[in-house]
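Below, all heavy atoms of this structure are taken into account, side chains as well, without hydrogens, waters or symmetry copies. Quantities reported herein were computed from a predicted structural model and do not represent experimental measurements.
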Amino acid sequence: MPASAPYKILIAAQGEEQRWKEAMTARLPDATIYTQDENYDPAEIDFAMLWKQPQGMMKSLANVRGIFSLGAGVEHVLSAPFLPKNVPIVRLEDAGMAQQMVEYHTYAALHFMRDFDHYMRSQNNGDWHPRDVAEIGHFRVGVMGLGALGATVATHLSNMGFAVSGWSRRMKAIEGVTTFAGAETLDEFLGQTDILICLLPRTGQTEGLLDSARLSKLPANAAIINASRGAMIVEEDLLRLLDTGHLRGAFLDVAVNEPLPSSHPFWNHPKIRLTPHIAAATRIGPAVDQIAENISRIDKGETPIGLVDLNIGY
């Protein structure tokens, strides 16, 4: 990429601004980069790099030319009041997250496939009782969401030997993965899934998508892995189906309210494994490379990589 123009860039990133500023300054040395706590003229900002920015910030960015989410999710941008019209909103694609997602979901899928959930309870009960080792090809993994991260996870698990299917809003073709698309196929997809992986973005259509009716479509003894957004699952319904025995267990990296309140029943539920939203963290180096490239694309009138479709919310 050629040397940067004298852009003015604003960073708001929940206390991580200085790290992003240092990396972005090294990547675009000719740019003037501000953090949200510094003095700047909002009307002069060309590009904004945001992660859960302060409410109302958008109102002052009258001349912004591009908005970058510092993560795979964009709901914090799209839900902001005074969102500028006709300004490209760009999400990060991968930025080091795909490999982390592969690692997380491999571990979680093997947790159920190799009966480690049962062995945890056996240990707590002092019960030394081996179980037959299942054949990996007999475990049907279903991935909801076949974007960059979901497709990578699905392909990896397929290559390991799992029987993998995927569901998305639009039809996708992925080698080694049986794909479904559209609301009319969701029940069929769920009905043939033993381990459900949730990697859909948060939109108005995905909030509460997995309620009691849909979770009940999963086969008896199915398990759920959710590392996307907590709001996708109705938590009370998930607990009910775990307690009645329809669902075998859940491996959860996200919750509706984070940090998870200390009184929440997820903490001590014997069928739930919890991690604190760590499945995949943005790697700053690859991320600033993506952002710098997309700034150049916008400058040239080209379409940035990771452009958000405002009609569907991702």
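In this model, a donor atom of one side chain and an acceptor atom of the other lie less than 3.5 Å apart for Asp299 and Tyr7. A donor-acceptor contact closer than 3.5 angstrom is absent between the side chains of Glu175 and Thr155. Side-chain contact annotation: Gln36 with Gln53, donor-acceptor N/O pair under 3.5 Å absent. Judged purely by distance below 3.5 Å, without hydrogens or angles, the side chains of Gln192 and Glu188 never pair a donor atom with an acceptor atom. For Asp243 and His269, the side-chain atoms include at least one donor-acceptor pair closer than 3.5 Å. A donor-acceptor contact closer than 3.5 angstrom links the side chains of Asn226 and Ser228. There is no side-chain donor-acceptor pair under 3.5 Å between Trp51 and Ser69. No side-chain N or O of His246 forms a donor-acceptor pair with one of Ser216 less than 3.5 Å apart.
Side-chain N or O atoms of Gln55 include none that pairs as donor or acceptor with a backbone N or O of Ala80 at under 3.5 Å. In this structure, Asn125 contributes its side chain and Asp127 its backbone to no donor-acceptor pair below 3.5 Å. With Trp267 contributing its side chain and Pro261 its backbone, the two residues share a donor-acceptor pair below 3.5 Å. Looking at Thr25, its side chain never comes within 3.5 Å of a backbone N or O of Glu22 through a donor-acceptor pair. Formation of a donor-acceptor pair under 3.5 Å by the Ser158 side chain with backbone atoms of Gly176 is found in this model. No side-chain donor-acceptor contact under 3.5 Å links Ser60 to the backbone of Pro42. Side-chain N or O atoms of Glu302 include none that pairs as donor or acceptor with a backbone N or O of Lys300 at under 3.5 Å. Counting only distance, with no hydrogens or angles, the side chain of Asp253 and the backbone of His277 share a donor-acceptor pair below 3.5 Å. Side chain of Thr193 to main chain of Ile195: no donor-acceptor pair is present (N/O by atom type, distance under 3.5 Å, no hydrogens or angles). With hydrogens and angles ignored, the 3.5 Å screen pairs no side-chain donor or acceptor of Asp194 with any backbone N or O of Ala222.
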> Where do Arg240 and Asp237 land on the side-chain contact (heavy atoms from CB on, under 4.5 Å) test, with the steps shown first?
Replying inline: CA-CA 5 Å; Arg240 187 179 308 112; Asp237 293 350; 2.8 Å; yes

>> Is there a side chain to side chain donor-acceptor pair (under 3.5 Å) between Trp128 and Ser122? Walk through the geometry before answering.
In response: CA-CA 7 Å; Trp128 186 277; Ser122 294; over 6 Å; no

> Please walk me through it: do Leu274 and His264 pass side-chain contact (heavy atoms from CB on, under 4.5 Å)?
Replying inline: CA-CA 12 Å; Leu274 283 175; His264 198 287; over 6 Å; no

> Under the salt bridge (charged side-chain N to carboxylate O under 4.0 Å, His left out) criterion, do Asp117 and Arg248 qualify, and how do the steps go?
Replying inline: CA-CA 9 Å; Asp117 56 334; Arg248 167 183 179 171; 2.7 Å; yes

>> The test is side-chain contact (heavy atoms from CB on, under 4.5 Å); show your working for Val141 and His105 and say whether it passes.
In response: CA-CA 11 Å; Val141 174; His105 287 89; over 6 Å; no

> So Lys21 and Glu38, salt bridge (charged side-chain N to carboxylate O under 4.0 Å, His left out) or not? Walk me through it.
Replying inline: CA-CA 12 Å; Lys21 180 175 180 176; Glu38 295 174 329; 2.8 Å; yes

> Could you go step by step and tell me if Met120 and His111 meet the side-chain contact (heavy atoms from CB on, under 4.5 Å) rule?
Replying inline: CA-CA 10 Å; Met120 284 179 59; His111 177 76; 3.7 Å; yes

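Ile11 and Val74 are assigned to two separate hydrophobic clusters, defined by single-linkage of ILVMFWY side chains at heavy-atom distances under 4.5 Å. Under the 4.5 Å side-chain heavy-atom criterion for grouping Ile, Leu, Val, Met, Phe, Trp and Tyr, Val254 is not connected to Met144 through any hydrophobic cluster. In terms of hydrophobic clustering, with Ile, Leu, Val, Met, Phe, Trp and Tyr side chains grouped at heavy-atom distances under 4.5 Å, Ile233 and Leu260 are assigned to a common cluster. Residues Leu149 and Val308 do not share a hydrophobic cluster, clusters being chains of Ile/Leu/Val/Met/Phe/Trp/Tyr side chains in contact below 4.5 Å. Both Phe47 and Ile284 sit in one connected hydrophobic cluster of ILVMFWY residues. Membership requires side-chain heavy atoms under 4.5 Å apart, directly or through other members.
Residues Leu196 and Ile225 form no side-chain contact, since every pair of their non-hydrogen atoms from C-beta on lies 4.5 Å or further apart. Contact annotation: the side chain of Tyr119 never approaches that of Arg114 to less than 4.5 Å [non-hydrogen atoms, C-beta and beyond]. Ile197 has its side chain within reach of Val153: a pair of non-hydrogen atoms, C-beta onward, lies under 4.5 Å apart. Side-chain contact between Thr32 and Ile9 is absent, with no heavy-atom pair separated by less than 4.5 Å. Contact of the Leu50 side chain with the Phe68 side chain is not registered, since no non-hydrogen atoms from C-beta on lie closer than 4.5 Å. Using a 4.5 Å heavy-atom threshold, the side chains of Val87 and Arg65 count as separate. Val177 places none of its side-chain heavy atoms less than 4.5 Å from the side chain of Val143. Using a 4.5 Å cut-off on side-chain heavy atoms (C-beta onward), Ile67 and Leu61 make no contact.
Atom CG of Leu146 sits about 9.5 Å away from atom CE of Met171, to the nearest 0.5 Å. Taking CD1 of Ile33 as the reference point, atom CG of Leu28 lies at 6.0 Å (rounded to 0.5 Å). Atom OG1 in Thr275 sits 2.5 Å away from atom OH in Tyr104 (nearest 0.5 Å). Note that the NZ atom of Lys8 and the OH atom of Tyr40 stand 13.0 Å from one another [nearest 0.5 Å]. In this structure, CG in Leu247 is found 9.0 Å from CG in Asn221, a value given to the nearest 0.5 Å. For the atom pair CG (Asp211) and CG (Leu238), the distance works out to 11.5 Å, reported to the nearest 0.5 Å.
The neighbour count for Glu184 CD, taken as heavy atoms of other residues, nucleotides or ligands under 6.0 Å away, is above 12. The neighbour count for Arg19 CZ, taken as heavy atoms of other residues, nucleotides or ligands under 6.0 Å away, does not exceed 12.
Pairing each heavy atom of Met232 with each of Cys198, the nearest pair is SD-CB, 3.7 Å. Here the shortest heavy-atom pairing between Leu10 and Met57 reads CD2-SD, 3.9 Å. Across Ala227 and Ala279, no two heavy atoms sit closer than the pair CB-CB, 3.7 Å. Considering all non-hydrogen atoms of both residues, Gly245 and Lys271 come closest at CA-NZ, 3.9 Å. For the residue pair Ala250 and Leu242, the shortest heavy atom distance occurs at N-CD2, 4.3 Å. Heavy atoms only, all atoms of each residue included: Pro81 and Gly56 are closest at CG-N, 4.2 Å.
Here Arg297 pairs with Glu293 in a salt bridge; the nearest charged N to carboxylate O distance falls below 4.0 Å.
Partner Glu75 forms a salt bridge (Lys or Arg N to Asp or Glu O under 4.0 Å) with one of Lys52, Arg91, Arg202, Arg229 and no other, that one being Arg229.
Under the 6.0 Å cut-off for aromatic ring centres, Phe112 and Phe139 do not qualify, their centroids lying 6.0 Å or more apart.
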